[in-house]
Q: 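Please see the structure below; I have some questions.
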Amino acid sequence: MTASDVTVLGAGLVGICSALSLAEKGFCVHMVDRDAPGQATSAGNAGIISPWSVVPQSMPGIWKKVPGWLLDPQGPVSIKPSYLPRVAAWGLRFLYEGRQEHIQPISDAMYALNHDCVELYRHHLAGTGHDHLLQDSWYVHAFRDASQVNLLSPDYAMRKAVGAEIEQIGASELRELEPALTHDFEAAVLIKGQARAVSPGKIGEVLAEKLLAMGGTIERAKVLKISPQEDGSWTYVTEQGEHSTPKLVLSMGVWSAELLKPLGIKIPMEAERGYHVAFDNPGVSLANSVMDMDMKFVASSMEEAIRVAGTAEFAGLDAPINQKRLDALVALASKLLPDLNTTQISTWSGQRPSLPDSLPCIGQIDGFQNLIGAFGHSHYGLMMAPKTGRLVADLVAGLTPNIDMSPYRVTRY
């Protein structure tokens, strides 16, 4: 095969893993992104890599909680008032996807992408000398009111059904496990058998270097347009000019939907802005990823810092950063970790590509030869990236994936 057998647009972790899996199959891969590999949205998450992430974001009864979340200035969700008319239709579809009859098929499709995510990351990191970037971990769900713990609830039942080991502990056991946490917590639920990334951005950097060592190429450029050619190949336009490629993989997160619009493909993609605050020299540490179940945010120890993340803001792609959301995270972190050193902080904001059914778009795009979609992973891009990459490589190679691809169909809406 010759150079540029396949071009991957987008160098987040989904694009990087797709490029690596393609290179493993012998393809010559060219990857294009305006940002350095793995340093945009992929770098900003909470670092959780869980095979048990099988609970859709929209669940039965969630509509009862949304008003309270929106009214709480420190709540997990905010919507810019002027943006409400634009996000309303998406929100209604989101609630529709949370109906009882929908959630199990969605959960099954999530499991298909997540169940071997830890092993697949270890495969990609093998030989890089950076295996330490992935560490075994539990997910600690911490409750201030022990009466709120219900291991029979649908979310824990879904995890147990696919093999997750789940245990409830009391306040004293939680203090032994995570002594830095506030003593306000009365109980916790431990979800075992998963991992955490101690630096998602570094993982992206390391895997991009591995791609280069395997013969792949990487270009820093902003992609402006994609166009099909009569012979089945594709043209993509950047600020540096027009380029051709036999096969094109579209993995540009929220910008994927924008590139597809001129082709007549409309996807209900929302740019869900996420924020994190990193506390450098925090003075305390966490052995696991911890979710404050009252305020719905996650804290995790990373290299030289504790990162706190979890808010979601709907305000559009071009909205300025909302400093109030960052200030809220600082305040929440101080309540979670009373001895946290808050004098040295850094902040981040990025756009998550969110679809109403919690599932990404993966697969050959109907009506367009040699165009493969791999985008829309919402909160789950870090976890779903390795499996998505393998599916993309199979599809480009003309192989039939070993899972049902219909839940991820790009034009399913």
Side-chain angles (χ1 to χ4, degrees), residues 45-46 48 50 52-81 83-111 113-114 139 141-145 147-162 164 166 189 191 267-275 291-298 309-315 325 328-329 332 351-360 376-381 383-384 407 412-413:
N45 56 69
I48 297 168
S50 174
W52 323 120
S53 186
V54 296
V55 182
Q57 289 175 271
S58 184
M59 293 284 285
I62 194 173
W63 61 272
K64 300 175 184 178
K65 302 177 183 179
V66 172
W69 289 343
L70 293 177
L71 291 171
D72 185 347
Q74 293 186 337
V77 181
S78 70
I79 300 177
K80 185 179 180 181
Y83 195 70
L84 187 57
R86 292 187 60 183
V87 78
W90 185 95
L92 290 173
R93 182 60 185 258
F94 175 82
L95 295 176
Y96 173 79
E97 296 294 350
R99 295 168 65 182
Q100 187 64 48
E101 62 268 28
H102 290 184
I103 60 172
Q104 191 57 55
I106 292 173
S107 179
D108 293 341
M110 293 176 72
Y111 179 69
L113 295 179
N114 284 330
Y139 200 1
H141 287 185
F143 294 81
R144 288 178 176 81
D145 182 353
S147 68
Q148 297 300 307
V149 179
N150 179 12
L151 294 186
L152 299 178
S153 65
D155 53 341
Y156 292 131
M158 283 180 166
R159 292 180 172 99
K160 285 182 179 179
V162 294
I166 296 178
V189 173
I191 304 172
I267 297 171
M269 178 92 74
E270 268 301 325
E272 179 189 335
R273 174 165 287 178
Y275 294 88
M291 172 174 273
D292 183 322
M293 294 300 286
D294 297 298
M295 301 309 297
K296 303 298 183 185
F297 71 98
V298 180
T311 64
E313 179 184 54
F314 294 90
R325 303 304 292 171
L329 280 175
L332 290 170
Q351 301 284 9
R352 302 186 190 101
S354 291
L355 292 160
D357 61 1
S358 302
L359 296 175
H377 292 72
S378 183
H379 294 251
Y380 313 106
M383 286 173 277
M384 294 180 174
R412 64 185 180 270
Y413 289 101

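This one's a predicted model, so the numbers in the text were calculated from it and none came from an experiment.
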Q: Pair Y380, L113 - check side chain to side chain contact (heavy atoms under 4.5 Å, CB included), show working.
A: CA-CA 10 Å; Y380 313 106; L113 295 179; over 6 Å; no

Q: So does R93 pair up with D357, basic N to acidic O under 4.0 Å?
A: no

Q: Hey, could you give me the CZ/CD distance between R352 and E272, rounded to the nearest 0.5 Å?
A: 5.0 Å

Q: For M110 and L359, work out which heavy atoms get closest and say how close.
A: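 Closest approach of M110 to L359: CG-CD2, 3.6 Å.
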
Q: Between S378 (side chain) and S358 (backbone), is there a donor-acceptor pair under 3.5 Å?
A: no

Q: Check for a donor-acceptor pair, side chain of W90 on one end and backbone N or O of P268 on the other, with a separation under 3.5 Å.
A: yes

Q: With side chains defined as the heavy atoms from C-beta onward, is the minimum distance between L332 and D292 less than 4.5 Å?
A: no

Q: So do the side chains of I166 and W52 get within less than 4.5 Å of each other, counting heavy atoms only?
A: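 Side-chain contact under 4.5 Å: no.
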
Q: Rounded to the nearest 0.5 Å, how far apart are CD of Q57 and CD1 of I62?
A: 8.0 Å

Q: Please list, chain by chain and in numerical order, all residues satisfying salt bridge (charged side-chain N to carboxylate O under 4.0 Å, His left out) with E270, sequence neighbours excluded.
A: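 E270: no salt bridge (charged side-chain N to carboxylate O under 4.0 Å, His left out) contacts found.
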
Q: Taking side-chain contact (heavy atoms from CB on, under 4.5 Å) as the test, write out the residues that go with P353, two or more places apart.
A: V254, M269

Q: Of all heavy-atom pairs between A157 and L152, which one has the smallest distance, and what is that distance?
A: CB-O, 4.4 Å

Q: Looking only at heavy atoms, what is the nearest atom pair of H379 and M383, with distance?
A: O-CE, 4.3 Å

Q: Please report the interatomic distance CZ(R273) to NZ(K80), rounded to the nearest 0.5 Å.
A: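 If I round to the nearest 0.5 Å, the distance is 9.5 Å.
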
Q: Can you name the closest pair of heavy atoms from P56 and I106 and give their distance?
A: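 For P56 versus I106, the nearest heavy atoms are CG-CG2, 3.6 Å.
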
Q: Measuring from atom OH of Y96 to atom NE2 of H102, what distance do you get when rounded to the nearest 0.5 angstrom?
A: 4.0 Å

Q: If you take all heavy atoms of L151 and K160, which pair is closest and at what distance?
A: O-NZ, 3.7 Å

Q: Locate the shortest heavy-atom distance separating V55 from M59; write the atom from each residue and the value.
A: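 Looking at all heavy atoms of both residues, the shortest contact is CG1-SD, 4.0 Å.
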
Q: In this structure, are over 12 heavy atoms from other groups packed under 6.0 Å from R86 atom CZ?
A: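 Atom CZ in R86 is not packed in, count stays at 12 or less.
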
Q: Can any side-chain N or O of S58 pair as donor or acceptor with the backbone N or O of F94 at less than 3.5 Å?
A: yes

Q: H141: what forms a side-chain contact (heavy atoms from CB on, under 4.5 Å) with it, not counting sequence neighbours?
A: Y139, F143, Y156, R159, V189, I191, M291, M293

